[in-house]
Number of protein chains: 2
Amino acid sequence: MSAPRTARARARAELTVAIKDEARRQLTETGAHGLSLRAVARELGMVSSALYRYFPSRDELLTALIIDAYNALGAAAERAVAREIDACEQWRRGCHAVRDWARAHPHEYSLIYGSPIPGYRAPQDTIAPAGRAPAALVGALRTGWATGGLRPPPSTAHISDELREQAAVLVRLFAPEVPVPIVLRALIALTQLFGTISFELNGQFVGTVDPADEFFGHAVEEMMFFVGLR
Amino acid sequence: MSAPRTARARARAELTVAIKDEARRQLTETGAHGLSLRAVARELGMVSSALYRYFPSRDELLTALIIDAYNALGAAAERAVAREIDACEQWRRGCHAVRDWARAHPHEYSLIYGSPIPGYRAPQDTIAPAGRAPAALVGALRTGWATGGLRPPPSTAHISDELREQAAVLVRLFAPEVPVPIVLRALIALTQLFGTISFELNGQFVGTVDPADEFFGHAVEEMMFFVGLR
DNA sequence: GCTGAATCGAGAACAGTGCTCTCCCAAGAT
DNA sequence: ATCTTGGGAGAGCACTGTTCTCGATTCAGC
């Protein structure tokens, strides 16, 4: 993303982010369902067809918002983890940062972790940003392993060969030298984390542990112990 | 839901389910986003305005589908749990039944556990059906407690007063006499369960543990031990 | 600096959508 | 047999995403 040379290129870049900003603004008001291209164009003082010079379809605009949302969430998680604190505290703050971001941007969160609305998206552009937040958490695991802040891993006896191979790929990519059973438990903790946040945001906790602050904190601590952080 | 006396009442009841059936059929093809009242009416040989005699709005039709989906998922879970097997096997089969139903009806699943599309729904009619599947799982926990199939509960030391009270309400409603720490761990396991299924259905596992069969089974076993079933 | 080419916004148009309103016929109740 | 109600048909409104054409503006090569 180098500096745009010509005036036209600069205008294009600025309008592209202006469109996304306005779309994001409407997203927070009406949700993905009510996001209207025409309304976005109207608010920007242009006509709807002009918008197609920047995004080939509504779904492409949504995909751009999805990528931005992944990156924003990932950045929030990385910011929370990148401190001079022990692995436990890194994991804890990372989890809470994810929840805080989700509560601050519920519609963007459900854009990325809710129902896949736009047809079925082309994953290639989204998978790298999608990995940032989980990778940040796993980073805490790596520092835990490097500093001796992890309990010894559970047995690998009950892990099937296929799962062991899948996990080995993950280990190679994100957490070299961390044992497979621990990475698998971290993956379980991650699904628990996002499951809880989704439940909270979708109102699935109403009538039970709502508000969910206490439960969330408790779950983080329990799962932290589960993965071996102490 | 007694037998309709008049011919008109019977016709109305039949048409109501016919509308829902056709809507469900379209749901499996296009997802909630592409569900069109007019298309449903067209397929049923009527005009769109006639449909409003049965459902006051598109969102109300979706809400009806949501309730049906909760009930179908709940029934599947109850069927899996209601066997003469030990608590472990009940829990295991219940979890797999939920996943199997979700994979067989992905759009209905993401209708209930994905982004809340219809404005914000009126929960009152949905919370009772929504509780069936979780209640079935917790039922396995109860038989486990009654038959001595549960390990002793972990300490309650790190549970805040507010969370303890919230959990106590849950205990009273769904699992009288099961200790609070165990119910809390069960709730954690439930969020993990639904989180994993949502991840799998939304393609969040692509490039990691996809296909997710092995990981799902592994996670169920790990969480089963986590809640104290042995 | 001029010219041909690429870019971009405006406007109209098409095929859809959810929803409302009126009209009218048939079924039910009295 | 009358009256009230329920329900379907149709037109219409205000939207939507998307495509097309048509000028105007900007850029790049000479």
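Labels below follow one simple rule: chain letters A, B, ... track the order of the sequence lines, proteins then strands, and each chain is numbered from 1. Bear in mind that the values here come from a model prediction, so they are computed numbers and not experimental data.
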Undergrad: What I want to check is whether the side chains of A:Gln192 and A:Thr196 have a donor and an acceptor closer together than 3.5 Å.
TA: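 Yes, because at least one side-chain N or O of A:Gln192 sits under 3.5 Å from a partner of the opposite role on A:Thr196.
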Undergrad: Would you indicate, yes or no, if D:dT16 has its OP1 or OP2 atom less than 4.0 angstrom from a side-chain nitrogen or oxygen of A:Arg42?
TA: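 Yes.
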Undergrad: Are A:Arg93 and A:Asp100 ion-paired here, with the side-chain N under 4.0 Å from a carboxylate O?
TA: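 Salt bridge flag = no for A:Asp100 with A:Arg93.
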Undergrad: How close do B:Leu65 and B:Arg24 get, counting heavy atoms only, and between which atoms?
TA: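 Taking every non-hydrogen atom into account, CD2-NH1, 3.8 Å.
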Undergrad: Rounded to whole angstrom units, what separation is found between the OH atom of A:Tyr54 and the P atom of D:dG17?
TA: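 Roughly 18 Å, once rounded to whole Å.
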Undergrad: Go nucleotide by nucleotide along DNA chain C from the 5' end; which of B:Arg8 and B:Ser48 gets its closest nucleotide reached first?
TA: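 It is B:Ser48 whose nearest nucleotide is closer to the 5' end.
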Undergrad: Please give, in whole Å, the distance from D:dT18 C1' to A:Phe55 CZ?
TA: 16 Å
Undergrad: Could you check how far CG of A:Leu15 sits from P of D:dT26, rounded to whole Å?
TA: 14 Å
Undergrad: Mind calculating the distance between CG (A:Leu35) and C1' (D:dC15) to the nearest angstrom?
TA: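 Answer to the nearest Å: 15 Å.
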Undergrad: Taking any atom closer than 4.0 angstrom to a non-hydrogen atom of chain B, what span of DNA chain C does the protein reach, first nucleotide to last?
TA: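 Range of nucleotides within reach of chain B: C:dT17 to C:dG28.
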Undergrad: Hey, is A:Glu89 close enough to A:Arg83 for a salt bridge, meaning N to O under 4.0 Å?
TA: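 No salt bridge links A:Glu89 with A:Arg83.
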Undergrad: Between D:dA9 atom P and B:Met46 atom CE, what is the distance in whole Å?
TA: 7 Å
Undergrad: Using the ring-ring contact (aromatic ring centres under 6.0 Å, His included) criterion, which residues pair with A:Phe205? Sequence neighbours excluded.
TA: A:Phe199, A:Phe215
Undergrad: When you measure only distances, ignoring hydrogens and angles, does the side chain of B:Arg53 come within 3.5 Å of the base of D:dG8 through a donor and an acceptor?
TA: yes
Undergrad: Under 6.0 Å from the ring centre and within 45 degrees of the ring axis: does the NZ or CZ of A:Arg132 meet both conditions for the six-membered ring of A:Tyr70?
TA: no
Undergrad: From B:Ser57 OG over to B:Leu37 CG, what is the distance, rounded to the nearest 0.5 angstrom?
TA: 8.0 Å
Undergrad: 5'-most contact on DNA chain D: A:Arg38 or B:Ala50, nearest heavy atom basis?
TA: B:Ala50
Undergrad: What is the distance, rounded to the nearest whole Å, between atom CZ of A:Arg58 and atom P of D:dT18?
TA: 8 Å
Undergrad: Taking only side-chain nitrogens and oxygens of B:Ser49, does any of them come within less than 4.0 Å of OP1 or OP2 of D:dA9?
TA: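 Answer no for this pair, as no side-chain N or O of B:Ser49 is under 4.0 Å from OP1 or OP2.
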Undergrad: Figure out the OH/C1' separation between B:Tyr52 and D:dG12, and round it to whole Å.
TA: 14 Å
